[in-house]
Structure formats: structure tokens, C-alpha cells
2 protein chains.
Amino acid sequence: MFCTMYSLDKTDTKLLQALSADPRSTFVALADTLGLSRNTVQARMKRLEDSGAFLGFDRRINPAALGYPLTAFIEVHVQQKRLAQIVIDLALIPEIVQAHGMSGQADLLVRVVCTDAADLFRIDGTILACDGVERTETSLAMGEVIPYRLTPLLDRRG
Amino acid sequence: MFCTMYSLDKTDTKLLQALSADPRSTFVALADTLGLSRNTVQARMKRLEDSGAFLGFDRRINPAALGYPLTAFIEVHVQQKRLAQIVIDLALIPEIVQAHGMSGQADLLVRVVCTDAADLFRIDGTILACDGVERTETSLAMGEVIPYRLTPLLDRRG
DNA sequence: AAAATAGTGAGCAGAGTGCCCTATTCAGGC
DNA sequence: GCCTGAATAGGGCACTCTGCTCACTATTTT
């Protein structure tokens, strides 16, 4: 399913940095910035895409703009042998924007967006109602004190 | 700092859906798909950008492609009055890709990427070494059982 | 030495962009 | 009913960018 995981070199890293700085910049502009030829940039970008280096566009959409200003993380404890079915059930809840299977206290860490506290309460109830879910622990995110970033890691390779 | 938060209507939603389906599609293609004129699409896209509906490009970069296949969530308990300084200190750790201030058990929920378990252990140590950090609880993400998505929410408005 | 790999430079037809202007429709306020 | 402002459509124009191909040059691998 995944293509051969090809490891990025410094030029790829610089490409990603330039893209982070300006996601809309054209191949010509990138080539110019990096001092490469347009052909090279196009070839590398294609390889990056093919290798799965880019995730879905969803991630760039601000949930707040969609009317979901609140984010919460819900730790979910489940009957482990029902895990597979539970994931399927949870996937039906639209407010769940992401879920990780975890090693640690909880079995699942679910990321939820919601309109307000009452909404969160309702969603939590929906999760609890799933067959095999035993317990949840909800924590509301008060703020994204470090906004998602990859630039420090990119810079380190640059 | 943020522009007037303008709430998205159905047409905006469809634009975002089309973009999710194909992040690279041109204005012409979008206009075609949605049955709108190119002018309209361009105007709406500009408004979406200006209103902060799009987050950084970072979020679309796959950390695994960068050589960080593992993700972990670390709950951090701190001396609350030192919180501000702690956030500054944590921001210096490149492997921390995101952090939320939380209401709940822990004060902070930190998302970390790492190369392997030993790397995670080291990073956890670095966090613990920050002045004011009292305790951490690390959970390794075994898998993203629900990959980040916003489409269910978009579809509901469509 | 031969072969694969990455990059460059040039060229070209077609598509897309940014920006302009005007006309139409429609909802809300007077 | 009338006016206004917002949203949209449609046309046009100069310019840029894209996708593609080809030939040539390093550089590295075998």
C-alpha cells in the first residue's frame, strides 16, 4: 500500500521548508528559491508525493472556521478484544477527527472537536454508548500552547 | 491578530470538500466541479485564506517521511505558576510537534515524534529536566486507527 | 569502462492566473 | 416601490506556469 519509503535528503528538506514558508508557491518560485532547475523541483515533488510524504488536505483546515472552536482529548478504556469493532463504531461519530491506539493507561486516545461544553458532553455520551467501551476520561484543550509544527525538525536537517 | 472570524456557508464547505478530494486542483477545476465561475472561486478562496481557515503546511508533512515513524503523547504535570516558562522551554525541544494546555488531570498534553523507543525515552528525560515539570506520563501511539479527517464534518453541512 | 542516477537548459503548446470591467440577481432597509 | 450592497457570472487580456520531451553533463555505482 505504501510506496517504498524513501528517505528524504537535504534538498527534499529544503523543499519542504520552502513549502512551509509558502504553501502556494509555484514550482518556478521554488526552483528559484532553492537555486535548482524547474525540472529538478518537479521531479522531486513528484517523488515526494509518490512516497507518501504529504498527508491529506484536511489537516490544513481550521476546525474553528467550521464552527468547532473547542478541541478535547478523550481517553477511552475498552474491552480489548472488541477493539476492532469499537474503532468502526467510533469512526461513525463525525466529531471524532482522529484516534490513536495507545500503549499505556488507556486503549484509545480520541481527538474530538465540538461547538461547546454541552456538545462535548453529548459526544462523550455517544462514545460511552458504544458496545465494549468501559470508561472514558475527557480533557478539554484550553489552548494550543505549541501550535503544530515540524519546522524545528526540518531546520535541524537543513 | 486573527481576522474577523467569518462563518463558512455551504459553498465554502463544498470548496473545502473539493480541495480535500484534490488539494492540487486549480481554480478553474474547482469552478468547474462546483458549477461556479472562476471569479467566484477565486474570491471565496481569498476570503477563506484571509479569514484564517487554512492552517500551516506543516500539518501535511508526514513525520514518518522525515524519519520519525513513532508518535507519542506525553501528559505533563507542572507547577502551574511556572507554566508560561515551561511552555517556552518545551518549545525548544524540536521533537515536540504540538502541545495543548489542558483542563483535566494533566496540565499539558504534548505530542512528540521520535525515531524509536530509546529516542522517546531521551525526549521524556529532556521534558522532565525542565524546571517546574513535576511528572510525566508517556503513552506511545501504536497506530492512527482513525486518521485525521474533517470530511465527516464537512459532509454534514453539505 | 559501462551503466545508472541526478541535474541542467532549452523549447513548446496549452492551461491557469491575476486583474480589470460590466451586467444580473437577490435580500434587506428606506 | 426604490435603493443599496453583496454575490455571482461572463468577457477579456497580458502574463506566468505547467507538463512534457529531448539532449547534454556530472557524479556515482557496478
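Atom set for the values below is all heavy atoms of this structure, side chains included, hydrogens, waters and symmetry mates excluded. Order of the sequence lines sets the chain letters (A, B, ...), proteins ahead of strands, with each chain counted from 1.
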Residues that, via side-chain heavy atoms closer than 4.5 angstrom, fall in one hydrophobic cluster with B:I123 |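 Noted: B:I123 shares its cluster with A:V145, A:I146, B:L70, B:I74, B:V76, B:V78, B:L83, B:I86, B:V87, B:L90, B:I93, B:I96, B:L108, B:V110, B:V112, B:L120, B:I127, B:L128, B:V133, B:L140.
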
What string of B, S and - do you get for nucleotides 25-30 of chain D, 5' to 3', if B is base contact, S is sugar-phosphate-only contact and - is no contact with any protein heavy atom under 4.0 Å?
-> ------

Under 4.0 Å protein heavy-atom contacts per nucleotide of nucleotides 9-14 of chain C, with B for base, S for backbone only and - for none | BBB---

Heavy atoms only: give me the nearest A:P23-A:R60 pair and the separation to one decimal.
->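 That closest heavy-atom pairing would be CB-NH1, 3.6 Å.
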
Side-chain donor-acceptor distances from residues 32-39 of chain A under 3.5 Å, at least two apart:
residue : atom : partner : partner atom : Å
A:T33   : OG1  : A:A29   : O            : 2.8
A:S37   : OG   : A:T40   : N            : 3.3
A:S37   : OG   : A:T40   : OG1          : 3.0
A:R38   : NH1  : A:Q42   : OE1          : 3.4

Does [X] have any side chain to side chain contact (heavy atoms under 4.5 Å, CB included) partners at least two apart in sequence or in another chain, and if so, which?
| X | value |
| --- | --- |
| A:P152 | A:R149, B:P94 |
| A:Q85 | A:I88, A:D89 |
| A:R135 | A:H77, A:E137 |

Step through the shown structure and confirm whether more than 12 heavy atoms of other residues, nucleotides or ligands are within 6.0 Å of CD on B:Q79.
-> yes

Within the structure, does a side-chain N or O atom of B:T40 lie under 4.0 Å from either OP1 or OP2 of D:dA9?
-> yes

For D:dG19, does either OP1 or OP2 sit under 4.0 Å from a side-chain N or O belonging to A:Q42?
->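 Looking at the OP1 and OP2 atoms of D:dG19, one of them is under 4.0 Å from a side-chain N or O of A:Q42.
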
Over how many whole Å does the gap from [X] atom [atom1] to [N] atom [atom2] extend?
| X | N | atom1 | atom2 | answer |
| --- | --- | --- | --- | --- |
| A:D12 | C:dT5 | CG | P | 16 Å |
| B:L15 | D:dA7 | CG | C1' | 14 Å |
| A:L8 | C:dA6 | CG | C1' | 16 Å |
| B:M45 | D:dA7 | CE | P | 17 Å |
| B:E49 | C:dG18 | CD | C1' | 14 Å |
| A:D9 | C:dG7 | CG | C1' | 12 Å |
| B:D32 | C:dA15 | CG | C1' | 13 Å |

With sequence neighbours excluded, what pairs up with B:T13 under the side-chain hydrogen bond (donor to acceptor under 3.5 Å, both in side chains) test?
->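 side-chain hydrogen bond (donor to acceptor under 3.5 Å, both in side chains) check on B:T13 returns B:R157.
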
Taking only residues two or more places apart in sequence or in another chain, which ones pass side-chain hydrogen bond (donor to acceptor under 3.5 Å, both in side chains) with B:T151?
-> none

Restricting to pairs with a member in residues 108-117 of chain A, which pass side chain to side chain donor-acceptor pair (under 3.5 Å), not counting sequence neighbours?
->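 Every side chain to side chain donor-acceptor pair (under 3.5 Å) pair that includes a residue of residues 108-117 of chain A, provided the two are not neighbours, is A:Q98-A:R111, A:R111-B:Q98, A:T115-A:D119.
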
Salt bridge (charged side-chain N to carboxylate O under 4.0 Å, His left out) involving B:K46 - partner list, sequence neighbours excluded |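 Partners of B:K46 by the salt bridge (charged side-chain N to carboxylate O under 4.0 Å, His left out) criterion, ordered by chain and then number, come out as B:D50.
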
Residues in residues 21-31 of chain B with a heavy atom under 4.0 Å of DNA chain C, by number, are B:T26, B:F27, B:V28

